[in-house]
Amino acid sequence: MKTTTVGIIGAGAIGQAFAKQLVNAGMNVILSNSRGPESLSDVVEGLGRGARAGTAQQAAEADIVFVSTNWDKTEAALSGITWNGRILIDATNPVLLPGYKLAELGGKNSSQLVTQWAPGARVVKAFNTLLAGVLAQDPAQAGGHRVVFISGDDADAKAEVKALAGQLGFASIDLGSLEIGGTLQQFPGGPLPGVNLVQLA
């Protein structure tokens, strides 16, 4: 299935960088944050055609949903949404500021908690390891394509996220389950955040 609309919950640097890639690829984007659609008017105007502001509920009705909220706001941002098997790309990192400390996760990784907070969603960890400035750049680099890491427990959901990454011009590497891949991708703690790879053609 070709993705046509992506909803974004959390319109900070990562959310805006991802929205830019989506709009550049000709897709529609619904951006949302905790302050309401009116606060995003300048952002969506800057993104151009295909972008609009909405509520988190409206963003969550898209073909695929992307969450990139600050960790301490993520549970609240996802609460009250009926997921009905929709795909949720988890681009969060369990960082507490100031100091970039690892949040208390109760023996789980952050994506396992996101799965608990979004019951009924098919969670795929992706797009969380690249810095916002890198994510916003053209994914076609040095004769190849910038790599994103993907992990999840639903093979079909991972396939759709891989296809979406391809639509945007990214290559992808499947790291397996949320338990294994989510831990490798997690910042802080995992070895992959900040790693900027290019897959050559």
Side-chain angles (χ1 to χ4, degrees), residues 3-84 86-105 110-137 148 161 164 168 182 185-188 193:
T3 301
T4 59
T5 304
V6 175
I8 296 178
I9 299 174
I14 293 291
Q16 290 185 39
F18 192 63
K20 177 183 175 184
Q21 295 291 4
L22 294 163
V23 170
N24 286 349
M27 282 179 253
N28 297 312
V29 178
I30 305 168
L31 268 173
S32 69
N33 64 10
S34 59
R35 296 186 301 280
E38 302 79 16
S39 68
L40 292 169
S41 56
D42 288 345
V43 174
V44 295
E45 185 177 346
L47 286 167
R49 183 172 179 174
R52 68 181 177 91
T55 64
Q57 292 278 358
Q58 288 168 330
E61 292 169 3
D63 300 338
I64 290 179
V65 186
F66 179 95
V67 60
S68 59
T69 46
N70 290 336
W71 182 251
D72 59 357
K73 295 181 170 65
T74 301
E75 183 175 10
L78 297 174
S79 68
I81 295 171
T82 302
W83 293 98
N84 290 329
R86 281 195 307 284
I87 294 170
L88 176 62
I89 297 175
D90 172 22
T92 65
N93 283 307
V95 176
L96 296 181
L97 297 173
Y100 289 93
K101 295 179 220 160
L102 176 64
E104 174 52 54
L105 302 176
S110 57
S111 291
Q112 290 173 312
L113 287 182
V114 168
T115 300
Q116 291 181 5
W117 297 340
R122 293 183 291 158
V123 175
V124 177
K125 188 74 171 180
F127 294 99
N128 73 300
T129 59
L130 296 175
L131 298 173
V134 177
L135 180 59
Q137 293 172 16
V148 294
V161 173
L164 172 61
L168 300 181
Q185 289 172 252
Q186 181 174 287
F187 175 78

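Heads up: numbering here begins at 1 and tracks the sequence.
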Separation between CG (L47) and CG (N24), nearest 0.5 Å, reads 9.0 Å
Does the N93 side chain pair with the main chain of F187, one donor and one acceptor, at a distance under 3.5 Å? yes
Contact between L22 and I8 at the side-chain level, heavy atoms closer than 4.5 Å - yes or no? yes
Check whether N70 reaches the backbone of D72 with its side chain - one donor and one acceptor, N or O, closer than 3.5 Å. no
Can you tell me how far apart CZ (R122) and CG (L88) are? Round to the nearest 0.5 Å. 11.0 Å
I would like to know whether T55 and S32 meet side-chain contact (heavy atoms from CB on, under 4.5 Å); could you show each step before the answer? CA-CA 5 Å; T55 64; S32 69; 5.6 Å; no
What is the distance from atom CD1 of I81 to atom CD of E61, rounded to the nearest 0.5 Å? 9.5 Å
For side-chain contact (heavy atoms from CB on, under 4.5 Å), just list the numbers for L164 and D63, CA-CA rounded to whole Å, side-chain angles, deciding distance to a tenth of an Å, and then say yes or no. CA-CA 11 Å; L164 172 61; D63 300 338; over 6 Å; no
If every non-hydrogen atom of A13 is compared with every non-hydrogen atom of A132, which pair is closest and at what distance? CB-CB, 3.7 Å
Hey, are the side chains of L40 and R52 touching, using non-hydrogen atoms and a 4.5 Å cut-off? no
Among L168, V161, L130, N128, side-chain contact (heavy atoms from CB on, under 4.5 Å) partner for V148: L130
Sub-4.5 Å side-chain heavy-atom contact between L105 and W71: yes
With a 3.5 Å cut-off and sequence neighbours excluded, list the donor-acceptor pairs that the side chains of residues 111-121 form with protein atoms.
| residue | atom | partner | partner atom | Å |
| --- | --- | --- | --- | --- |
| S111 | OG | D90 | OD2 | 2.8 |
| Q112 | OE1 | N109 | N | 2.9 |
| T115 | OG1 | S111 | O | 2.9 |

Of all pairs that satisfy ring-ring contact (aromatic ring centres under 6.0 Å, His included), the ones with a partner from residues 48-70, not counting sequence neighbours: F18-F66
Minimum side-chain heavy-atom gap Y100-V95 below 4.5 Å: yes
Is Q16 reaching over with its side chain to a backbone N or O of V43, donor-acceptor style, under 3.5 angstrom? no
Do you know the tightest heavy-atom contact between T69 and A77? CG2-CB, 3.9 Å
Looking only at atom types and distance, does a side-chain atom of N33 sit under 3.5 Å from a main-chain N or O of A11, one as donor and one as acceptor? no
Answer yes or no: is there a side-chain heavy-atom contact under 4.5 Å between I14 and F127? no
Residues I89 and A126: closest non-hydrogen pair is CG2-O, 3.7 Å
What distance separates K73 NZ from I9 CD1, expressed to the nearest 0.5 Å? 15.0 Å
Least distance between heavy atoms, P37 atom then A53 atom: O-CB, 3.5 Å
Side chain of T129, backbone of Q185: donor and acceptor closer than 3.5 Å? no
Mark yes or no for whether Q57, through its side chain, and G80, through its backbone, hold a donor-acceptor pair below 3.5 Å. yes
Do the side chain of K20 and the main chain of Q137 share a donor and acceptor less than 3.5 angstrom apart? no
